[in-house]
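When a residue number appears, it is its place in the shown sequence, counting from 1. A quick note: this is a predicted structure, and the numbers were derived from the prediction, not measured.
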Amino acid sequence: MPNRIKGNRFDCIVIGGGHAGVEAAHAAAKIGAKTCLITIDKSKIAQMSCNPAIGGLGKGQIVREIDALGGLMGLAIDATGIQFRTLNRSKGEAVQSPRAQADRGKYAKWMQQALEQTENLTIIEAIATELITENNKVRAVSCKDGSVYQTETVVVTPGTFLGGMMYIGSDRWAGGRIDEPPSVELSQSLKRIGLELGRMATDTTPRLDAQTCDLDKLQEQSGDEPPMPFSFMTERIERPQVLCWITYTNEKIHELLRGNLHRAALSSGQMRGTDPRYCPSVEAKVVRFADKKQHRIFLEPEEDSIKTIYCNGIFTSMPKDVQEQMLRLLPGTENARIIHYAYAIEYDYCPPIQLKSNLETKKMSGLFLAGQINGTSGYEEAGGQGIIAGINAARKMQSKEPIVLGRDQAYIGVLIDDLLTKGIAGDPERGKERLGTLDEPYRMFTSRAEYRLSLRADNADRRLTQIGKSVGLVDQKRWMRFQNKLKNIDKLKSYLANTHSKGLSLWEQLRQPNNTTGQTLADSPYVKKMGFGRYVLQSVIIDAKYEGYLAKQKRLSAGFRTLENKKIPLDLDYKRIVHLRTEAKEKLSAFRPGTLAQASRISGITPADITVIRIYLKKYSVRTNKRQERSI
């Protein structure tokens with residue numbers, strides 16, 4: 001170990017105080033690791049750089065899962081949310097997702113206070129510049145001020161700061177966020193230790209002075225009453241909710257944008273990153289959907305006092321004069337004053353096939369990556385990775401097996417598995433595809449989860465609280481509340497199964513489509529007497545509705561579980577497998593899947609390829625066992 005490493009020793013160091021870093025640092029410290037969070041500015045921890053909201057389609061389920069594991073995001077939004085809504089209400093519960101507007105200042109402050117109160121956690125203001133390694137193991141982190149901190153594990157969560165470059169039209173400057181410097185040296189350090197880096201791009205929206213907006217003439221969008229909390233520890237939310245407003249673009253705006261495409265950073269060729277498909281710039285939408293006469297824009301407050309308006313839907317990298325002209329043409333913002341102009345940002349990321357399923361890098365022991373560095377977008381995806389990386393960094397220090405969530409256990413499991421097995425993008429510099437790279441930020445949707453019938457927002461606690469308890473994240477208060485809920489669910493199900501009406505049990509009636517039993521259940525004398533809360537009622541009603549579908553899904557997934565359990569050595573030499581196709585050898589050598597199931601989900605890998613690998617592994621295992629017997 002280099003002689004300059006002295007003192008300042010931690011079990012785990014988390015670099016970056018964004019949404020991934022917050023969850024990682026909290027999880028590692030709560031589990032018992034002596035943890036250090038290194039961030040440029042303590043006051044910017046958990047800042048909402050883009051949309052001041054938590055949740056959304058697929059994302060809301062992730063927040064519920066973070067909460068069930070013992071994380072912070074659900075509690076934070078319940079404490080600071082200003083409008084709560086359940087999306088996809090017209091569809092089945094399996095794809096319904098909670099979403100909430102946040103008071104962005106209060107949200108960040110809540111998270112900062114939560115970290116300050118976390119035992120075993122030290123927060124240090126510094127700029128991490130170098131990862132010091134020895135024999136392919138992390139040994140320390142060096143900072144710009146000359147300080148060096150020893151450690152056994154590091155979780156890197158730099159968000160958009162890694163080599164960040166910001167754009168407004170033709171204006172270009174280095175930065176990781178408005179008025180904050182990028183992290184350039186850390187990018188170089190990651191390259192030096194052997195990690196491949198790529199470039200990602202995204203853009204933001206203008207922020208407006210709410211007092212200068214004419215909101216009264218716009219369509220109002222109110223929250224749900226009563227609001228549904230995110231955290232299973234929040235019984236109810238009783239504070240007043242604020243309004244959001246809806247407006248629409250028009251042909252004049254579209255004409256303005258089409259006439260200035262050459263001036264937008266994302267579409268003019270100034271940036272190497274691709275405009276995100278699932279959160280596209282407004283100019284990209286105008287081009288891609290040329291037949292549409294208008295696009296919906298949500299004007300969302302950034303605080304409960306409604307001082308600042310976030311223009312959800314006007315993501316752009318257009319120059320300032322075009323942004324001003326566009327807002328003059330948008331109903332409700334004709335006289336609005338711009339507080340912050342929209343900007344695009346391009347940053348470094350590490351193609352995630354360089355990771356193991358526990359989010360540790362394959363090349364460097366003890367180095368974990370989480371959040372946008374892995375090619376994802378969104379606070380929720382970052383938080384989900386952060387809590388898993390933090391858990392596994394602490395468990396590695398404790399010499400315990402890592403926690404890996406399956407695709408049938410959690411959206412977080414789907415997210416991480418997709419990152420490890422998806423991503424083949426064109427490389428314009430080399431004129432061929434690059435295995436394992438992503439051509440746009442990854443965003444979670446319910447459609448990505450093949451087990452979404454069982455990965456619902458309502459049952460995240462029943463799927464993951466036991467795991468959170470086993471690793472030491474779930475405290476006794478949460479555990480007792482969870483156990484009480486399970487007991488009440490069993491009591492209510494027993495009552496429904498043994499209470500008959502019109503020749504059917506109430507449970508059988510609940511299972512029937514379009515029945516009204518669920519609507520009247522809360523008024524049942526038995527339910528009132530027992531005092532079952534709405535979480536218990538919701539769980540039982542949904543369980544009954546999906547019982548038949550879940551049984552079918554369970555049968556279909558049985559075969560896949562065999563593949564999930566069949567491990568593949570990460571150092572397997574695929575070139576030695578004679579009957580494996582050349583394309584399969586190349587892709588498997590690049591992705592290095594950990595299981596047969598992961599291998600089967602890689603684009604271009606066929607069932608025949610999986611059969612060949614399975615036969616080879618069986619023979620390989622036999623030969624290995626015989627060698628072991630001879631050595632004994």
For the backbone of [Y] and the side chain of [X], can you confirm whether one donor and one acceptor N or O come within less than 3.5 Å of each other?
X: Glu23; Y: Leu72; result: yes
X: Lys587; Y: Ser603; result: yes
X: Lys363; Y: Gly194; result: yes
X: Asn135; Y: Lys137; result: no
X: Asp103; Y: Thr80; result: no
X: Asp78; Y: Phe230; result: yes
X: Glu360; Y: Gly366; result: yes
X: Thr204; Y: Tyr343; result: yes
X: Ser470; Y: Gly468; result: no
X: Glu381; Y: Met444; result: yes

Reported [atom1]-to-[atom2] distance for the pair [X] and [Y], which is rounded to 0.5 angstrom:
X: Ile387; Y: Ile62; atom1: CD1; atom2: CD1; answer: 12.0 Å
X: Leu69; Y: Lys30; atom1: CG; atom2: NZ; answer: 11.5 Å
X: His26; Y: Thr118; atom1: NE2; atom2: OG1; answer: 4.5 Å
X: Leu75; Y: Arg478; atom1: CG; atom2: CZ; answer: 5.5 Å
X: Phe10; Y: Tyr149; atom1: CZ; atom2: OH; answer: 7.0 Å
X: Glu65; Y: Glu380; atom1: CD; atom2: CD; answer: 12.0 Å

Which pairs with one or both residues in residues 172-202 pass ring pair (Phe, Tyr, Trp, His ring centres under 6.0 Å), sequence neighbours excluded?
none
Could you check Leu405 against Ile388 for side-chain contact (heavy atoms from CB on, under 4.5 Å), going step by step and ending with a plain yes or no?
CA-CA 9 Å; Leu405 299 179; Ile388 295 300; 3.9 Å; yes
Under a 3.5 Å threshold, yes or no: a donor from one side chain and an acceptor from the other, between [X] and [Y]?
X: Gln323; Y: Thr316; result: no
X: Asp67; Y: Ser231; result: yes
X: Thr39; Y: Glu125; result: no
X: Gln598; Y: Ser357; result: yes
X: Asn374; Y: Tyr349; result: no
X: Arg177; Y: Ser49; result: yes

Is atom NZ of Lys44 surrounded by more than 12 heavy atoms (other residues, nucleotides or ligands) closer than 6.0 Å?
yes
Lys585, NZ atom: more than 12 neighbouring heavy atoms under 6.0 Å:
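Count over threshold, so yes.
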Apply side-chain contact (heavy atoms from CB on, under 4.5 Å) to residues Met364 and Val138 and explain how you reach the verdict.
CA-CA 7 Å; Met364 193 62 58; Val138 169; 3.9 Å; yes
Close side-chain approach of [X] and [Y], heavy atoms under 4.5 Å:
X: Ile467; Y: Gln409; answer: yes
X: Ile602; Y: Pro593; answer: yes
X: Asp11; Y: Thr153; answer: no
X: Val154; Y: Phe368; answer: no
X: Leu190; Y: Leu131; answer: yes
X: Ser317; Y: Glu283; answer: yes
X: Leu37; Y: Leu121; answer: yes
X: Val155; Y: Ile15; answer: no

Over all atoms of both residues, closest heavy-atom pair of [X] and [Y]:
X: Pro569; Y: Leu617; result: CD-CD2, 3.9 Å
X: Ala108; Y: Ala46; result: CB-O, 3.8 Å
X: Phe591; Y: Lys362; result: O-NZ, 2.5 Å
X: Ala449; Y: Tyr411; result: CB-CE2, 3.7 Å
X: Thr157; Y: Gly21; result: OG1-CA, 3.3 Å
X: Ala410; Y: Leu455; result: N-CD2, 3.5 Å

With Tyr379 via ring pair (Phe, Tyr, Trp, His ring centres under 6.0 Å) - residues at least two apart:
His19
Just do the side-chain contact (heavy atoms from CB on, under 4.5 Å) check on Gln354 and Thr361 with the steps written out, would you?
CA-CA 6 Å; Gln354 300 173 96; Thr361 60; 5.7 Å; no
Should [X] and [Y] count as an ion pair when the cut-off is N to O under 4.0 Å?
X: Glu401; Y: Arg395; value: no
X: Glu152; Y: Lys396; value: no
X: Asp417; Y: Arg407; value: yes
X: Arg104; Y: Glu303; value: no

Going through the distances and angles, do Arg139 and Glu130 end up as a salt bridge (Lys or Arg N to Asp or Glu O under 4.0 Å)?
CA-CA 11 Å; Arg139 292 301 187 191; Glu130 184 181 0; over 6 Å; no
Report yes or no: is the cationic atom of Arg448 (NZ for Lys, CZ for Arg) under 6.0 Å from the centre of the six-membered ring of Tyr442, at an angle within 45° of the ring normal?
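Arg448 over Tyr442 ring: yes.
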Evaluation steps, side-chain contact (heavy atoms from CB on, under 4.5 Å), between Val282 and Thr205:
CA-CA 9 Å; Val282 64; Thr205 77; over 6 Å; no
Tell me, with the steps shown, if Ser187 and Asp348 meet side chain to side chain donor-acceptor pair (under 3.5 Å).
CA-CA 7 Å; Ser187 281; Asp348 290 338; 2.7 Å; yes
